[in-house]
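See structure below.
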Amino acid sequence: MADSLTEEAAPPPEGEGEGAGGDAGAAPRPHAAPADEGSPAAAPATPDAPVATPLAVTASAAAAAPVTSAPAASATPAPAPKPVAPAHPAPIAAGAGPVARPAARRSPYDHLLRVRGDVDGTSAIAIFLAGATAFLLLWAFLTAGGPDPRSVKLTLGPDGRAELPRDVKARTHVWVQGYSEAAEGAAALADDEFRVVRGSPATLELPAAAAGAEVDVGYDLGHDPIVSNFLLPKPTDVMAGLVELVSGAAYQARCATPACGRADPIPLSASVGQALEAHRGAPDATPAPTVTCPRCDAPLAGTALAIPTSAQGFRGGIKSTLWRTTLGFVVAVAVCVPLGVLAGAFPPVKRFVSPLEIAGGYAPPVAILPLAAAASGFLVNSGVSGIVAENTARIGFLFLVIAFWLYPMVVKEIEAVDQVYVNTAYTLGATRGQVVLRVLVPVASGKLFEHLRATYAIGWASIILAEGYASSKIPGEFGIGFFMTEMQRRHNMVNYFSAVLAIIAVGIIIDYGFKLAGKRLFPWQEAR
């Protein structure tokens, strides 16, 4: 009976197998018979052999012990051997956390130099403003220069006064050889003092005893910039010019009255400038505007030099340019998107259109300008009105520029749709038309919208070519490209760069509008 008890394994208590990590429903493992400490069974357990818990060893020993009248001490089992730790590290238990590793040394610029992700909104605005400030500082540094001293000999009049050169401004430093400048507010001049009476023009005043004398006068006009103001005006002048143009003073005129004696231009509002230009072009058909010179009250209409220096309005030019660009963009989208979808879905269509795509992709936009001018002339000779012909040529030019960029992008995104979607649609019984319209186009729609956003910016940036050089200007026609071309011809670089800033600002606003529309139409694209 002892042998049978020794060979038969005692079942473990309920739940013990699960607590030991055994599978539910698995057969219980047989337990070894009790042995003396000197027996091989009492040797320490190896990592491959299961180690019995004290509770299991006690239960098996009690079951295997013979029933005798021996003292209770003899029935006490030998203490369980202590488990020896394995040589290799134990695996991580299920549910345990990752192994702690030493923290890598971080750079203070890690949040700026990420491969993916972006900074928070406040940091993004701060970084943008820092870049804009650096750009303006560089601009100011290039347009600011060093001293520019000048000298001139003047003969004083009977009252001891002489008119200074016209380039002497209110803050120009003036000195006279042999004389010192009088203190500000001094009532009378000493024999060795002089005073500058600021005005337009400025006047040099010396003591009456120096009447009729010739004096050496020096003055400092400021600084010679690194980049000439003729090429790149100062940022303050450009900002002031932009405010002036936006506020309505988009025209300038010159008074031809001899009594005025002033050569500097007179700023005019957009409405007055347009009326003045229309009257000068057709004096019999349009009434003369009631505008006078603010200096001499002479009428400007009808005089020889009453010519606006800005051939067209600034604000009206921006509106006209927006209309032309949008119309050319809409025509390009209406042609290129369906054609690109067909070419991306059906390779024979792509092969058929590819020669035209390659030719247009490698042709520079400037090479299309003579074609636009020729098309405009052909339309005029065919009986089309001049303004319709010119606008058709410009819109056609913008259409070609946008189309040669948009078409290959549409083809690329349609071809990039995973074939799994197409195969799944065919498996569900879809036709070819349904696969194109309900699988390819919806899957690629988010990316296509981003390409539309980029190509509109390309068309907006090409407006100077379309309006300034593609064809001639029709009287009464507006456009920011016309404005910039006119300012360049008249060497009015302040207004020229003001128009450049306006084009950039309008482009940023349009791009932000595309971004907001993309978030609403394709939220999954933004999340991805």
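One-based numbering along the sequence shown. No experiment lies behind these values; they were computed from the predicted model shown.
A distance of 14.0 Å separates NZ of Lys515 from CZ of Arg520, quoted to the nearest 0.5 Å. For the atom pair OG1 (Thr143) and CG (Leu138), the distance works out to 9.5 Å, reported to the nearest 0.5 Å. Taking CG from Leu400 and CD1 from Ile368, the interatomic distance works out to 5.0 Å, rounded to the nearest 0.5 Å. The distance from atom CD1 of Ile508 to atom CH2 of Trp460, rounded to the nearest 0.5 Å, is 12.0 Å. For the atom pair CZ of Arg394 and CG of Leu327, the computed distance is 13.0 Å after rounding to the nearest 0.5 Å. With values rounded to the nearest 0.5 angstrom, Phe449 atom CZ is found 5.5 Å from Leu521 atom CG.
Residues Met484 and Ile503 are in side-chain contact: their nearest non-hydrogen atoms beyond the backbone lie under 4.5 Å apart. For the pair Leu440 and Val341, the minimum side-chain heavy-atom distance is 4.5 Å or more. Considering only heavy atoms from C-beta on, Leu501 comes within 4.5 Å of Met239 through its side chain. For the pair Val331 and Leu398, the minimum side-chain heavy-atom distance is 4.5 Å or more.
Scored by the salt bridge (charged side-chain N to carboxylate O under 4.0 Å, His left out) test, Asp511 finds Arg453 as partners (sequence neighbours excluded). For Leu342, the side-chain contact (heavy atoms from CB on, under 4.5 Å) partners two or more places apart in sequence, or in a different chain, are Phe346, Val349. Checked against side-chain contact (heavy atoms from CB on, under 4.5 Å), Met493 has the following partners two or more places apart in sequence or in another chain: Pro233, Tyr496, Phe497. Partners of Tyr407 according to the side-chain hydrogen bond (donor to acceptor under 3.5 Å, both in side chains) rule, which considers only residues two or more places apart in sequence or in another chain, do not exist here. Asn423 pairs by the side-chain hydrogen bond (donor to acceptor under 3.5 Å, both in side chains) definition with Gln419, not counting sequence neighbours.
Counting heavy-atom neighbours within 6.0 Å of Trp405 CH2, excluding the residue itself, gives a total of 12 or less. The environment of Tyr426 atom OH is dense: over 12 non-hydrogen atoms of other residues, nucleotides or ligands sit within 6.0 angstrom.
Thr325 approaches Gly459 most closely through the heavy-atom pair CG2-C, 3.9 Å. Across Ile414 and Ala345, no two heavy atoms sit closer than the pair CG2-N, 3.9 Å. In this structure, Ala403 and Pro408 approach most closely via the heavy-atom pair O-CD, 4.2 Å. A pairwise comparison of heavy atoms in Leu232 and Val227 identifies CB-CG1, 3.8 Å as the closest pair. The two atoms that bring Ser462 and Val401 nearest to each other are OG-CG1, 3.6 Å, heavy atoms only. Heavy-atom minimum distance, Ala343 versus Glu415: O-OE2, 4.5 Å.
Between the Thr321 side chain and the Ile480 main chain, a donor and an acceptor come within less than 3.5 Å of each other. A distance-only check finds no donor-acceptor pair linking the side chain of Thr326 to the backbone of Trp323 [under 3.5 Å]. Under a 3.5 Å cut-off, the side chain of Ser445 and the backbone N or O of Pro442 do form a donor-acceptor pair.
Ring planes of Phe514 and Phe329: perpendicular class, angle over 60° (limits at 30 and 60°).
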Quiz item: Going through the checks in order, is the side-chain contact (heavy atoms from CB on, under 4.5 Å) test met by Asn495 and Phe483?
Solution: CA-CA 9 Å; Asn495 284 355; Phe483 181 85; 4.0 Å; yes
Tabulate below the donor-acceptor pairs under 3.5 Å that side-chain atoms of residues 431-439 make, not counting sequence neighbours, or state none.
residue: Thr431; atom: OG1; partner: Gln434; partner atom: N; Å: 3.4
residue: Gln434; atom: OE1; partner: Thr431; partner atom: N; Å: 3.0

